[in-house]
2 protein chains.
Amino acid sequence: MVTIADVARHAGVSPSTVSYVLSGKRAISAATRERVAASIKALGYHPHAGARALASSRANVIALVVPLRTDMHVPILLQIAMAIVTAARGHDHDVLLLTNDEGTEGLHRVARSALVDAVIVMDVELHDPRAPVLRELGLPSVLIGFPADPAGLTCVDLDFSAAAGLCVDHLADLGHTGVALIGPPAGVLERGTGFARRTLSGFEEAAARRGLRTLVRPCETAHEAAWATAKELRTEHPEITGLVVHNEPTVPPLLEALRGLDVTVPGDLSIVAMGPQDLSAAVSPRLTMVPIPAEEMGRRAVELLMGKLNGDDRVPGSTLMAPRLMAGDSTAPPPPR
Amino acid sequence: MVTIADVARHAGVSPSTVSYVLSGKRAISAATRERVAASIKALGYHPHAGARALASSRANVIALVVPLRTDMHVPILLQIAMAIVTAARGHDHDVLLLTNDEGTEGLHRVARSALVDAVIVMDVELHDPRAPVLRELGLPSVLIGFPADPAGLTCVDLDFSAAAGLCVDHLADLGHTGVALIGPPAGVLERGTGFARRTLSGFEEAAARRGLRTLVRPCETAHEAAWATAKELRTEHPEITGLVVHNEPTVPPLLEALRGLDVTVPGDLSIVAMGPQDLSAAVSPRLTMVPIPAEEMGRRAVELLMGKLNGDDRVPGSTLMAPRLMAGDSTAPPPPR
DNA sequence: TTGAAAGCGCTAACAG
DNA sequence: CTGTTAGCGCTTTCAA
């Protein structure tokens, strides 16, 4: 193995000089710096991660805790995770993947063993057992999602309330006067994921502000549930001409059910969805939607974390990312009565 | 931070004794072992990962290289990844997540810096640039998927050829005499992913063996492509009564198209799919399918890797996992002519 | 069955 | 601007 001493010898300098060239923690003459850089390249030197961690008490690794079972949309999970890895690499950090099946014990382990310097926790629930552990460990951390009590923690999420508001406003602007929220299965709300209720309140506030009639329905993802919902909408709620769907997997069967009932989109019914951006192009017509900015969320989480690692205590405790509405072909003015 | 010296003092033994209690590398009297264990618990000691890696030249971390952009089904990717983490933890190892956007440079980096002891590479292509790098680094590794030249490498994958054979045999056993393979989009084949061609050859061999008439069609995942394929099948190939679909996202739109054309499944047409198991229950009728054993593949990959890390040179270079056919409601005997 | 002590490769004072 | 050196916490020989 090539060590820092080998590089120092090759470049005719001391090991510490090599170290300082690498870290940039003190001024080095251009000549020396270049000589050292050349030696590093020539010898193919890579600093030993363990030695570095031991001496500097910085592993340059962050842990990413991904839920094992989740109601969340899986591709989004991966997109966020990959964005986190990419962003972390941009800050010279690596990412250790942790599941929840070790429970909170895994957090203790990686923190106490100095395997990682910090943690990002995904898919946070309202009463997440990891929240108190993070507070207690005093380990720099960022949560993606909000627990019921975010005090002392740093959290990032899409502003679902504003997102729902955007959807409602879009429909209202088009002239719709009756809108429905098709939400996630009842189980998700019960499990206590914050985003479902934030969507709901944003939806209701915006509808009230715009004077719209509303309807709220959870919807299971199964085929049959989509048909039942579609039928109920058409037979019992003809005043509803706009749908806000916050339940990604239900969109394709819902569209199919509407086609089956001879309801045209957007001619008879407008649909705006909140979910993964790739959903838009996957169905016909192309969906108007508020995409979940996975990349951006991952990047932001890492930036916040790096801020904390660098001792910046101006890192905001709460970051709500502004939603954007992407126009598609699934919304239009309501049909004339 | 609690160090091994703290534990030693607390237990009234030497640091080396604590180390040996932890590693089990030499005999320790029961009394001492218990005393040390008690001290470890009392102090909440966790060995410093960096120090351990430095002294033992073993990081107890494996790298997992996940492709950033992939045609592969994303939930399966995550399932495999999670299975790998769980299995690795079972062998006292952690998992570092690597993307491909560093290119093969990332492999060099983590290997040379001793950040990881070994690597698992997912979604291997026929001419994967990572294959030669792995050979050259001499880093213990396991590939999930097969490159064109797997010499000197350890690879794991589902036996797609046998899987396709299972599907064909199932249809033949039911009495079908004309079967079609609906494969992935043409791009996947061109990109050179081995599994697509192995499926194709398995399909054709089995069909030949059973004397069936065959048709092979790639299929884009878009809605329209599914309809086009469905129409072509019914109008131009009435002899085809059984479908083997090796293209997960195309299944729902295909089923919808068939419903739209008044083709009943399995009354008029039988369908057996190869793909993620959760697809089966997600559609109606419940699919007969050969599931991709994500958990098992992840677990097996880790076991093979641990074998190599432990110097077991009897680790097989090639592991093809046996497929199983799961009966569903989408296959039945062909309609009477 | 146990202890003492020499490193592992690096960082960061301290000294110049 | 650069070099010397004392650890960081652990493993593992060597000795007992």
Side-chain angles (χ1 to χ4, degrees), chain A residues 1-37 39-40 43-61 92 94 109-117 309 311, chain B residues 1-37 39-40 43-61 92 94 109-117:
Chain A
M1 150 162 235
V2 183
T3 73
I4 201 170
D6 298 324
V7 176
R9 207 172 308 122
H10 186 274
V13 297
S14 76
S16 62
T17 297
V18 177
S19 174
Y20 284 119
V21 166
L22 250 20
S23 69
K25 287 191 182 172
R26 80 178 181 191
I28 302 279
S29 73
T32 307
R33 187 174 33 247
E34 276 164 31
R35 210 139 33 78
V36 169
S39 298
I40 288 176
L43 301 180
Y45 168 71
H46 285 260
H48 188 290
R52 175 173 268 188
L54 180 55
S56 67
S57 36
R58 278 284 222 128
N60 275 36
V61 175
D92 194 32
D94 276 285
R109 185 176 59 80
V110 297
R112 306 289 285 270
S113 68
L115 227 193
V116 308
D117 308 315
L309 278 173
Chain B
M1 151 162 235
V2 183
T3 73
I4 203 171
D6 297 326
V7 175
R9 208 171 310 122
H10 186 274
V13 298
S14 77
S16 60
T17 297
V18 176
S19 175
Y20 284 119
V21 167
L22 249 20
S23 69
K25 287 190 181 172
R26 80 178 182 192
I28 302 278
S29 73
T32 306
R33 187 171 35 246
E34 277 165 31
R35 211 138 34 80
V36 170
S39 298
I40 287 176
L43 301 180
Y45 169 70
H46 285 260
H48 187 288
R52 174 174 271 187
L54 179 56
S56 67
S57 38
R58 279 284 223 127
N60 274 38
V61 175
D92 195 31
D94 276 285
R109 186 176 58 80
V110 298
R112 306 290 285 271
S113 68
L115 229 193
V116 308
D117 308 314

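No hydrogens, no waters, no symmetry mates; every other heavy atom, side chains included, goes into these values. Residue numbers begin at 1 in each chain, while the letters A, B, ... track the order of the sequences.
- For B:D117, there are no side chain to side chain donor-acceptor pair (under 3.5 Å) partners, not counting sequence neighbours.
- Contact footprint of chain A on DNA chain D: nucleotides with an atom under 4.0 Å from a non-hydrogen protein atom, first to last in 5' to 3' order, D:dC1 to D:dG9.
- Taking five base pairs at each end of the helix from C:dT1-D:dA16 to C:dG16-D:dC1 and finding the rotation axis that steps the C1' atoms of four pairs onto the next four gives two axes whose angle is 30°, to the nearest 10°.
- Taking a 4.0 Å limit (strictly below) on heavy-atom distances, residues 15-27 of chain A reaches DNA chain C at A:S16, A:S19, A:Y20, A:K25, A:R26.
- The two residues B:V2 and B:L43 come nearest to each other via the heavy atoms CG2-O, 3.5 Å.
- Residue pairs that meet the side chain to side chain donor-acceptor pair (under 3.5 Å) test with at least one member in residues 8-23 of chain A, sequence neighbours left out, are A:D6-A:R9, A:H10-A:S39, A:S14-A:S16, A:S14-A:T17.
- Note: B:L22 CG to B:I4 CD1 = 6.5 Å, rounded to the nearest 0.5 Å.
- Residues passing the salt bridge (Lys or Arg N to Asp or Glu O under 4.0 Å) test with B:R109, sequence neighbours excluded: A:D94, B:E102.
- For B:A111, the side chain to side chain contact (heavy atoms under 4.5 Å, CB included) partners are B:L137, B:L139, not counting sequence neighbours.
- Taken residue by residue, residues 44-51 of chain A places heavy atoms nearer than 4.0 Å to DNA chain C at A:Y45, A:P47, A:H48, A:A51.
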task = Start with the C-alpha distance between A:V13 and A:V21, add both sets of side-chain angles, then the distance that settles side-chain contact (heavy atoms from CB on, under 4.5 Å), and finish with yes or no.
result = CA-CA 11 Å; A:V13 297; A:V21 166; over 6 Å; no
Using atom types as modelled, flag every donor-acceptor pair under 3.5 Å from a side chain in residues 45-54 of chain B to any protein atom, sequence neighbours excluded.
residue	atom	partner	partner atom	Å
B:H48	ND1	B:G50	N	3.0
B:H48	ND1	B:A51	N	3.0

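- Remark on DNA chain D: of its neighbouring residues A:A31 and B:I4, the 5'-side contact belongs to A:A31, judged by nearest-heavy-atom nucleotide.
- Extent of DNA chain C lying under 4.0 Å from chain B heavy atoms, first and last nucleotide in 5' to 3' order, is C:dT1 to C:dG9.
- Here A:S57 lies out of heavy-atom contact (under 4.0 Å) with every strand.
- Mapped onto DNA chain C by nearest heavy atom, B:S56 and B:I28 fall at different nucleotides, with B:I28 at the one closer to the 5' end.
- Residues meeting the side chain to side chain donor-acceptor pair (under 3.5 Å) test with A:S113, sequence neighbours left out: none.
- Contacts classified as salt bridge (Lys or Arg N to Asp or Glu O under 4.0 Å) and involving residues 23-37 of chain B (residues at least two apart or in different chains) are not found.
- A donor-acceptor pair is defined here as one N or O able to donate and one able to accept, closer than 3.5 Å; no such pair exists between the side chain of B:D92 and the backbone of B:N60.
- Proximity of A:V36 to A:I28: side-chain heavy atoms (C-beta onward) are nowhere separated by under 4.5 Å.
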